[in-house]
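Positions are given from 1, in the same order as the sequence printed here. Note: hydrogens, waters and symmetry copies are ignored here, and every other heavy atom, side chains too, is used.
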Amino acid sequence: MTLVMHAYAYTSPNKKIVAQTMPKDKKLVVSYTAEKNARQQKVLELADIQFEELTFVRKVYDDYQMLEGKRLHCVNEANEYEASIGNNAKIVVRLYNDGMAFRYEYSNLQNEKHPEEHTAYVIAEGTKRWMQQWSDGYEGFFPMTTTATVKTLAGFGGAMETDEINTHWGYPLLMEPADGVFALITEANIERRQSGSSLFNKGEVFSVVQDQNDLMLNGNWHTPWRVVIIGRLGDIVESTLVTDVSEPCQLESTSWIKPGVVSWIYWAYNHGSNDFNIIKKYVDMAVTLKLPYVLIDAEWDEMDKVASNEGKTIEDAVAYANAKGVKPLIWYNSSIGWVNGAPGPKFRLNKAEDREKEFAWCESIGVAGVKIDFFSGDNQMNMDYCQDLLESAARHHLLVNFHGAPVPRGWQRTYPNLLSTEGVYGAEWYNNVPHFTKKAASHNATLPFTRNVVGPMDYTPCAFSDSQHPHITSHCHELALTVLFESGLQHLADRPESFLAQPQEVQAFLGQLPSVWDETRFVSGYPGESAVLARRSGDTWYVAGINGTDEPKALSVPLGFVKGRKHRATLFADGELVSDKQRATLKTTAEPWAISTVNEMPAVVPCKPRGGFVLVLRTYIN
């Protein structure tokens with residue numbers, strides 16, 4: 001792209017990102033330059049802008065610590081500009097080194113509805129993009145397409161393709177507007193009195209539409225930040241822009257917040273959390289594997305009704321876990337989404353006084369955190385309710401995991417007791433639909449470049465055995481997901497019998513698995529095909545890769561950033577594959593593990609179809 005010199009141009013501090021207003025066409029064009037003196041590539045176009053030029057306001061510098069995420073120490077900087085867009089209204093635009101963020105600010109509102117927004121992204125037909133059809137739980141695939149003309153999916157889990165064309169899309173949206181140059185569209189920093197938004201398209205124009213907000217506004221008000229992360233794939237994966245623009249931590253004390261790995265009942269036993277003896281099995285597994293947490297899922301309020309429990313209740317289950325040194329987490333229905341026919345406990349958190357009473361009880365009996373499920377989308381009521389829950393939980397030192405909920409928008413910085421959010425088509429869908437089986441590998445290789453970019457993701461990885469519907473990913477593919485997918489509470493999906501049958505090296509790996517990362521590096525891959533990431537915890541690097549295809553693939557592992565020290569390296573790789581007559585043309589592993597000590601870091605790691613690997617590099621001194 002060649003800049004039009006008569007237009008107004010604005011840059012990021014590192015000069016790689018340029019925004020250019022074109023008043024005649026009412027456009028703002030954003031470009032990216034990968035290297036110095038290289039040609040600028042057009043990345044994004046905003047249509048129907050309401051200003052001609054921007055005025056420089058200040059330099060913004062972000063330097064803060066996180067308690068979980070892709071990195072603990074986050075640094076970024078931006079040039080901030082603004083322009084008037086009418087009476088008592090302006091747009092504020094920040095050009096960061098890895099993207100753009102902008103929002104609309106209003107003053108002197110007098111009992112008015114929230115103003116209509118005019119943000120519209122133009123995504124040209126023919127552009128590669130990975131888009132998720134919107135749903136209130138953000139549970140869907142991100143198939144690659146080059147067109148906005150995609151048929152709507154309907155039915156349970158989106159199993160049925162209809163004749164209608166879908167026009168409603170959820171965040172994030174990833175696109176590749178130029179070869180090797182990407183942009184990821186999302187939003188960040190939802191505050192009180194705000195709703196979330198999503199994208200509606202008419203052809204090439206994707207408009208930001210705020211969800212329901214019935215409040216009448218007075219005084220000052222602004223929208224959340226509209227965020228576009230820009231750069232190479234590594235820039236997308238490693239970006240912290242969503243938290244960079246979010247409000248700093250609101251909690252007075254955070255010393256009690258401890259991320260960790262969780263044993264989880266639901267995947268193997270849908271109704272197992274009302275069974276005291278099954279809960280004991282998962283607590284005991286956590287003890288053996290040295291996992292810090294166990295999640296007691298839905299229906300624990302019915303435990304005393306199960307005859308085999310002999311009168312045992314949730315308090316007995318919590319006491320058993322604590323006595324074993326395992327911290328229990330328990331599940332609640334938010335009671336605003338799926339209520340009728342849904343599991344309980346219900347209606348315990350909706351009113352402030354009930355919520356405080358319930359969370360005080362949790363704290364008193366030794367519950368460490370809560371999983372809250374079944375929200376109803378992006379509307380302002382949900383957004384405020386989520387913040388009510390986070391603040392109340394923090395007062396009682398409870399960790400939080402939102403399930404059946406929208407994707408993260410930066411609350412993990414503002415409320416660091418929020419350690420994970422679902423908002424993803426995860427492994428629990430092996431319980432529900434047969435079509436997840438064949439699509440899972442490619443889907444898994446897409447998530448590091450889409451959903452997991454914006455925040456912690458409770459996919460519930462690592463299943464070596466089968467649930468209701470089989471998985472055809474390899475054992476090493478499953479193990480790699482525990483590193484590849486970032487979540488402050490990393491729930492392990494499989495049953496105790498399966499985990500405890502694995503080699504001791506695998507069990508030790510799970511017992512030592514971090515859920516907090518000092519830094520994250522993109523290593524190689526492409527959405528839907530493969531993904532290799534490296535995450536560092538202290539002096540140890542965990543390098544994980546997966547093959548998202550149905551063919552063997554050698555994954556590139558350039559690790560030039562791991563240098564200057566010697567490492568003891570352990571490689572978990574795919575074993576031999578054989579035909580499985582019971583699964584027709586599908587393949588499975590005869591020897592699921594190839595575990596070895598590696599003297600030199602490999603340049604490539606061969607993977608089986610739908611396979612994977614994990615390389616653990618521990619620093620040592622002679």
Side-chain angles (χ1 to χ4, degrees), residues 19 21 23 26-28 46-58 60 78 80-94 100-121 134 136 168 171 185-200 202 205-228 242 245-248 250 336 350-353 355 375-392 406 409-411 413-415:
T21 58
K26 297 189 110 179
K27 293 179 181 178
L28 185 143
L46 269 68
D48 194 27
I49 63 171
Q50 299 171 277
F51 55 94
E52 291 192 359
E53 60 179 307
L54 295 163
T55 300
F56 176 79
V57 176
R58 60 176 180 138
V60 175
E80 183 174 291
Y81 305 87
E82 66 178 37
S84 172
I85 55 172
N87 293 333
N88 302 321
K90 64 181 179 181
I91 183 171
V92 177
V93 179
R94 292 181 183 175
M100 175 177 68
F102 59 96
R103 73 181 185 187
Y104 304 89
E105 299 183 357
Y106 303 87
S107 59
N108 298 320
L109 295 174
Q110 297 181 9
N111 202 35
E112 299 176 43
K113 292 183 178 181
H114 74 276
E116 182 181 355
E117 187 165 338
H118 292 271
T119 302
Y121 303 104
W134 186 91
D136 55 13
H168 192 186
Y171 297 124
I185 298 172
T186 188
E187 69 177 350
N189 200 40
I190 304 285
E191 299 178 70
R192 293 188 181 278
R193 303 193 301 160
Q194 297 174 349
S195 64
S197 70
S198 53
L199 299 171
F200 286 80
K202 292 183 179 179
V205 179
F206 287 72
S207 297
V208 173
V209 178
Q210 298 174 48
D211 209 317
Q212 182 178 357
N213 185 346
D214 295 328
L215 295 179
M216 302 304 289
L217 302 171
N218 288 281
N220 299 334
W221 185 83
H222 57 259
T223 67
W225 288 101
R226 312 307 176 205
V227 174
V228 186
V242 167
V245 299
S246 294
E247 290 297 303
Q250 302 294 303
I336 59 170
N350 301 80
K351 296 179 181 178
E353 59 273 23
R355 182 163 57 242
F375 292 87
S376 58
D378 298 313
N379 60 68
Q380 176 270 327
M381 179 196 71
N382 266 343
M383 298 297 102
D384 273 19
Y385 182 38
C386 285
Q387 292 171 84
D388 290 338
L389 291 166
L390 289 167
E391 291 176 4
S392 180
R409 269 96 161 188
W411 283 336
R413 179 183 179 188
T414 312
Y415 303 103

Notebook entry, point to check: Checking Arg94 side chain against Ala78 main chain: does a donor-acceptor pair fall under 3.5 Å?
Noted result: no

Check: Could you give the distance from CG (Asn108) to CG (Asn88), rounded to the nearest 0.5 Å?
Finding: 5.0 Å

Check: Is it the case that more than 12 heavy atoms not belonging to Asn111 sit under 6.0 Å from its CG atom?
Finding: yes

Check: Any idea which heavy atoms bring Thr21 and Glu53 closest together, and the distance?
Finding: OG1-CA, 4.2 Å

Next item on the list: Give the minimum heavy-atom separation between Ile190 and Gly196, together with the two atoms involved.
Entry: CD1-CA, 3.8 Å

Notebook entry, point to check: Would Glu187 and Thr119 count as a side-chain contact (heavy atoms from CB on, under 4.5 Å) if you check the C-alpha gap in whole Å, the side-chain angles of each, and the deciding distance to 0.1 Å?
Noted result: CA-CA 12 Å; Glu187 69 177 350; Thr119 302; over 6 Å; no

Check: Taking only residues two or more places apart in sequence, or in another chain, which ones meet Arg58 in a salt bridge (Lys or Arg N to Asp or Glu O under 4.0 Å)?
Finding: Glu80

Checklist line | Side-chain heavy atoms of Val227 within contact of Tyr171, under 4.5 Å | finding: no

Checklist line | Under 3.5 Å side-chain donor-acceptor pair for Asp211 and Ser198 | finding: no

Check: Would you find a donor on one side and an acceptor on the other, under 3.5 Å apart, between the side chain of Trp221 and the backbone of Gln194?
Finding: no

Notebook entry, point to check: For Ser197 and Arg409, which heavy atoms make the closest approach, and how far apart are they?
Noted result: O-NH2, 3.1 Å

Notebook entry, point to check: If you round to the nearest 0.5 Å, how far is OG of Ser392 from CD of Gln387?
Noted result: 13.5 Å

Next item on the list: Would you please test Phe375 and Leu389 for side-chain contact (heavy atoms from CB on, under 4.5 Å) and show each step?
Entry: CA-CA 12 Å; Phe375 292 87; Leu389 291 166; 3.9 Å; yes

Next item on the list: Compare all side-chain heavy atoms of Ile185 with those of Phe206 and state whether any distance is below 4.5 angstrom.
Entry: no

Check: Do Asn220 and Glu105 have side chains that get closer than 4.5 Å, going by heavy atoms?
Finding: no

Check: At what distance, to the nearest 0.5 angstrom, does NZ of Lys113 lie from CG of Asn213?
Finding: 10.5 Å

Check: Judged by atom type as modelled, is there a donor-acceptor pair below 3.5 Å linking the side chain of Asn382 to the main-chain atoms of Ser376?
Finding: yes

Next item on the list: Only counting residues at least two apart or in another chain, list the ones meeting salt bridge (Lys or Arg N to Asp or Glu O under 4.0 Å) with Glu82.
Entry: Lys90

Item checked: Nearest non-hydrogen partners of Gly410 and Val242, listed with the distance -> N-CG1, 3.7 Å

Next item on the list: First locate atom CD of Glu391, then atom CZ of Arg355, and finally report the distance between them rounded to the nearest 0.5 Å.
Entry: 9.5 Å

Item checked: Listed partners of Glu117 passing salt bridge (Lys or Arg N to Asp or Glu O under 4.0 Å), at least two apart -> Arg226

Check: Under a 4.0 Å N-O cut-off, is there an ion pair linking Arg193 with Glu191?
Finding: no

Next item on the list: Spell out, as yes or no, whether a donor-acceptor pair under 3.5 Å connects the side chain of Thr223 to the backbone of Tyr104.
Entry: yes

Next item on the list: Give a yes or no answer on whether the side chain of Asn189 reaches the backbone of Glu247 with a donor-acceptor pair at less than 3.5 Å.
Entry: yes

Margin query: For the NZ atom of Lys26 and the CD atom of Glu52, what is their distance to the nearest 0.5 Å?
Written below: 9.5 Å

Notebook entry, point to check: So Trp134 and His168, would you call those rings parallel, tilted or perpendicular, with 30° and 60° as cut-offs?
Noted result: parallel

Note to self: Looking at every heavy atom in both Val92 and Trp225, which two are closest together, and how far apart are they?
What the structure shows: O-CZ3, 3.8 Å

Item checked: Smallest separation among heavy atoms of Gln212 and Ser195, with atom names -> O-CB, 3.7 Å

Check: Above 12 or not: heavy atoms from other molecules or residues under 6.0 Å from CD of Glu116?
Finding: no

Check: Roughly how far apart are Gln380 CD and Arg192 CZ, rounded to 0.5 Å?
Finding: 9.5 Å

